[in-house]
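Inspection log for the structure reproduced underneath, given as structure tokens.
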2 protein chains.
Amino acid sequence: MLVRINTAPRMQIDGQLAALAGERMSCCEFRYRRGAEIFGEGEEPEYVYQIISGAVRTYKLLPDGRRQINAFHLAGDMFGFENETTHRFTAEAIVETNVHLMRRTSILEAVRHGGAGTKDLIKFVTQNLQHAESHMLLLGRKTSLERVTAFLIEMDERLQHPDVMILPMNRRDIADYLGLTLETVSRALSILRDEGLLRFDGNTQRRLELVDRGALAKIDA
Amino acid sequence: MLVRINTAPRMQIDGQLAALAGERMSCCEFRYRRGAEIFGEGEEPEYVYQIISGAVRTYKLLPDGRRQINAFHLAGDMFGFENETTHRFTAEAIVETNVHLMRRTSILEAVRHGGAGTKDLIKFVTQNLQHAESHMLLLGRKTSLERVTAFLIEMDERLQHPDVMILPMNRRDIADYLGLTLETVSRALSILRDEGLLRFDGNTQRRLELVDRGALAKIDA
DNA sequence: AGGCGAAATTGATCAGGCTCAAATCCGGGA
DNA sequence: TCCCGGATTTGAGCCTGATCAATTTCGCCT
């Protein structure tokens, strides 16, 4: 059984999609297996994607294989919009993932004609930029413990403070998102557990319970 | 005498500004002294800025003073656009800097009315996002030597491959941009100099001559 | 030209996070 | 239910880049 998180799309983002493209533009659904590539860096962008269920990672690679994950995309999130003629990074399904597709050209068309969704597109890109800016602060200046804590708080918020947080991604993904190694991520999580700020729930390491959100927020400088 | 770089605005960006706001929106010019704050994180955005001459750094701070510089802005560059009601970072003049101001509300107005500059605004925000994404790769995964080399190549391109590159920012600024300490930046520059890839020009450490751009490009993974 | 304070370089040592390695845990299939 | 392979944790030692500390260089002023 594959992990599914947050099956219901979040309303505000759903609204964003509708405003952006209109119902008729959402041409079809598509399903990706765990680990499947959705698009590759350098490819020509054909679609914009909205996640119905599942989770996606987008990343860049250096020639020798070092990987930096820009962002995780969860149910309800949009990704894959490009203004240029190539994708700037690769997107892969972390778990089995269902997406809505819409044609990129439809969106560009809507903008050209001063469509109602233009403001939402600007907002969408701006939100991505905002996330990237705070992530640069994390990558450039935070300690490993602060990074892992920041990640937990980010996920907790995006999953709307669940009692038990089910992470779709493995430790390597988290490490490549935070600019660390998987061992360092694991050690940081163990420290937070030993200090009583979180619990590894039951018999799976991907189920976490944030016990003391206040203390976590204080660590996240 | 203060350092001035690249006094003439680059045409394509000038065009961007014009398309975005129209001549009439460029309400006035303003001058900032070396080190002066242009706007602070959390402040309400009133203007969007285009640099006539000089250089600007934008950055975020952690509570204990750790600083991450998102970007350097040079002559011709625009900065300070916000979609939200607060600035997401601080902007300071690195050297004496002259800017064009235009009212943020004018731009939002233009977008609301489907103005011709809308596409350019999307392009502007997308370019910022693109820069942020490649900077995340640098901050998360590159070595100190790779970072400094990437910085030199970026500046070289933005200054259009001058014979002698005059850097407006000091070593601490470079370090805070690259997620390093100023000592590490200095050591990396010394290594590149000792290996003959660049020269410290004459009697100033801020004047660099890139001797072997090919070799530098190879270091920048 | 001389001198002062800031900026930059260079050196010595330290430490946080990485690498290498081993043990343990977990999910899924037989 | 047992077993296997991948994921995760944990440990030991190392290395890159940080920190602390002199020097040297440079910009700018008189």
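The model shown is predicted, which means the values in this text are computed figures rather than measured ones. Labels below follow one simple rule: chain letters A, B, ... track the order of the sequence lines, proteins then strands, and each chain is numbered from 1.
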Problem set entry | B/D173 and B/R171 ion-paired at < 4.0 Å | no
Exercise. Where along residues 185-194 of chain B does a heavy atom fall under 4.0 Å from DNA chain C?
Worked result: B/S186, B/R187, B/S190, B/R193
Seminar exercise, completed: Rounded to whole Å, the CD-P distance (B/E96 to D/dC28) equals 12 Å
For this session: Nearest whole angstrom, please: distance from the P of C/dA6 to the CZ of B/R34.
Result: 11 Å
For this session: Work out how much the helix from C/dA1-D/dT30 to C/dA30-D/dT1 bends between its end axes, five pairs an end, to the nearest 10 degrees.
Result: 40°
Seminar exercise, completed: Regarding the side chain of A/F200, the nearest nucleotide among D/dG17, D/dT9, C/dT9 is D/dT9
Exercise. Roughly, in whole Å, what's the span from NZ in A/K142 to P in D/dG17?
Worked result: 22 Å
For this session: Please state how far atom CD in B/E183 lies from atom C1' in D/dT19, giving the value in whole angstrom units.
Result: 7 Å
Exercise. In whole angstrom, what separates B/N170's CG from C/dA6's C1'?
Worked result: 10 Å
Exercise. Which residues, if any, of residues 172-181 of chain B bring a heavy atom under 4.0 Å of DNA chain C?
Worked result: none
Exercise. Is it true that A/D220 and A/K142 have a side-chain N and a carboxylate O under 4.0 angstrom from each other?
Worked result: yes
For this session: Over 60° means perpendicular and under 30° means parallel, so classify the ring planes of B/Y177 and B/H131, tilted if in between.
Result: parallel
Exercise. Between A/L145 and A/T204, who's closer to the 5' end of DNA chain C by nearest nucleotide?
Worked result: A/L145
For this session: State whether B/E41 and B/R88 are salt-bridged, where the test is any N-O pair (Lys NZ or Arg NE/NH1/NH2 against Asp/Glu carboxylate O) under 4.0 Å.
Result: no
For this session: Not counting sequence neighbours, list each pair that qualifies as a salt bridge (Lys or Arg N to Asp or Glu O under 4.0 Å) and has a residue in residues 189-199 of chain A.
Result: A/R199-A/E209
Exercise. Would the number of heavy atoms belonging to other residues, nucleotides or ligands and lying under 6.0 Å from CD of B/E37 be above 12?
Worked result: yes
Problem set entry | Test side chain to side chain contact (heavy atoms under 4.5 Å, CB included) applied to A/T204 - qualifying residues, sequence neighbours left out | A/R206, A/R207
For this session: For A/L139 and D/dG17, give me the distance from atom CG to atom P, rounded to whole Å.
Result: 15 Å
Exercise. Is the closest basic N to carboxylate O distance between B/R158 and B/E154 below 4.0 Å?
Worked result: yes
For this session: Could you tell me which residues satisfy ring-ring contact (aromatic ring centres under 6.0 Å, His included) with B/F79, sequence neighbours excluded, listed by chain and number?
Result: B/Y49, B/H73
For this session: Among D/dT25, D/dT8, D/dG17, find the nucleotide with the atom closest to the side chain of A/Q205.
Result: D/dT8
Problem set entry | Between D/dA18 (C1') and B/R147 (CZ): distance, integer Å | 13 Å
For this session: Could you state the atom-to-atom distance from CZ of A/R171 to P of D/dT10 in whole Å?
Result: 10 Å
For this session: Tell me whether the OP1 or OP2 atom of D/dG17 has a side-chain N or O from B/S144 closer than 4.0 Å.
Result: yes
Exercise. For the residue pair A/F39 and A/F89, does the interplanar ring angle fall in the parallel (under 30°), tilted (30 to 60°) or perpendicular (over 60°) class?
Worked result: tilted
Exercise. Is it true that B/R57 and B/E92 make a salt bridge, defined as a side-chain N closer than 4.0 Å to a carboxylate O?
Worked result: yes
Exercise. Does the distance from a Lys or Arg side-chain N to an Asp or Glu carboxylate O, for B/R104 and B/E82, drop under 4.0 Å?
Worked result: no
